[in-house]
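For clarity, every value in this text was computed on a predicted model and none was experimentally measured. Quick note: residue numbers are just sequence positions, from 1.
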Amino acid sequence: MYYDTQSSQRPEHDGKRNVWKIILFAVLLLCALPVLIPLSLCAAGGILVVALCVAGAALAAILAVAGGLLGLGFCGLGGLLFLAGMQLAALIGIGFGAVLIFLAPASGLAILGASLLITGAGVLCWLALWQIIKLLVKGFPSLVNWVRRMLFERRMPKRRKMQTAEDAHEATMDGEEVRKGAGYDE
């Protein structure tokens with residue numbers, strides 16, 4: 001390998017021209033400072049404002065989703081508490097109606113009948129709620145798989161989709177041919 005061992009050539013003006021260029025550039029920068037400082041502060045402030053707006057929007061979106069889920073949870077909890085309170089009141093009403101039958105038979109029978117009706121409706125609501133919860137628990141994995149398929153199939157190119165469909169068709173055809181051949185041999 002060849003290395004150049006000669007020293008670099010010196011400029012003809014003995015470096016004085018470069019010094020004057022540096023001095024003139026420094027003077028120009030000093031004269032431009034009243035304009036450059038506010039411009040740089042303005043640009044930095046603009047970048048900061050944009051960053052804060054993006055962070056604030058992200059935080060607002062997160063808090064909105066969290067607030068919606070929290071509100072939905074409290075609504076569900078309130079519904080369950082209402083249903084439990086209704087059942088408790090109906091059971092108390094059954095006892096009150098049974099006692100009232102002996103004092104005022106018509107009023108006692110009315111309260112007893114209404115309380116039994118509310119108790120039956122409450123039991124049906126609890127059973128329906130239990131079945132809905134079971135259905136949601138069983139259906140949640142299917143929902144997740146459906147969302148995953150919808151998100152990732154859109155990213156797959158059409159050509160790949162066509163190849164996949166053709167491969168599936170060919171595999172089905174091959175499987176049928178194998179079954180037909182095996183049936184004829186036996």
Compile the donor-acceptor pairs under 3.5 Å between side chains in residues 22-34 and protein atoms, sequence neighbours left out, one pair per line.
none

Quiz: residues 99-114 side-chain donor-acceptor pairs under 3.5 angstrom, not counting sequence neighbours:
none

Report, one line per pair, each donor and acceptor closer than 3.5 Å where one atom sits in a side chain of residues 36-45; sequence neighbours left out.
from	atom 1	to	atom 2	distance (Å)
S40	OG	L36	O	3.1
S40	OG	I37	O	2.8

N/O donor-acceptor pairs under 3.5 Å from side chains in residues 69-88, not counting sequence neighbours:
none

Listing, residues 134-151 side-chain donor-acceptor contacts under 3.5 Å, not counting sequence neighbours, or none:
from	atom 1	to	atom 2	distance (Å)
N145	ND2	P141	O	3.4

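The heavy-atom pair separating S115 from A90 by the smallest distance is CB-O, 3.4 Å.
Atoms CD1 and CG, from I132 and L127 in turn, are 11.0 Å apart once rounded to the nearest 0.5 Å.
Side-chain heavy-atom separations under 4.5 angstrom define the hydrophobic clusters, and L117 shares its cluster with no other residue.
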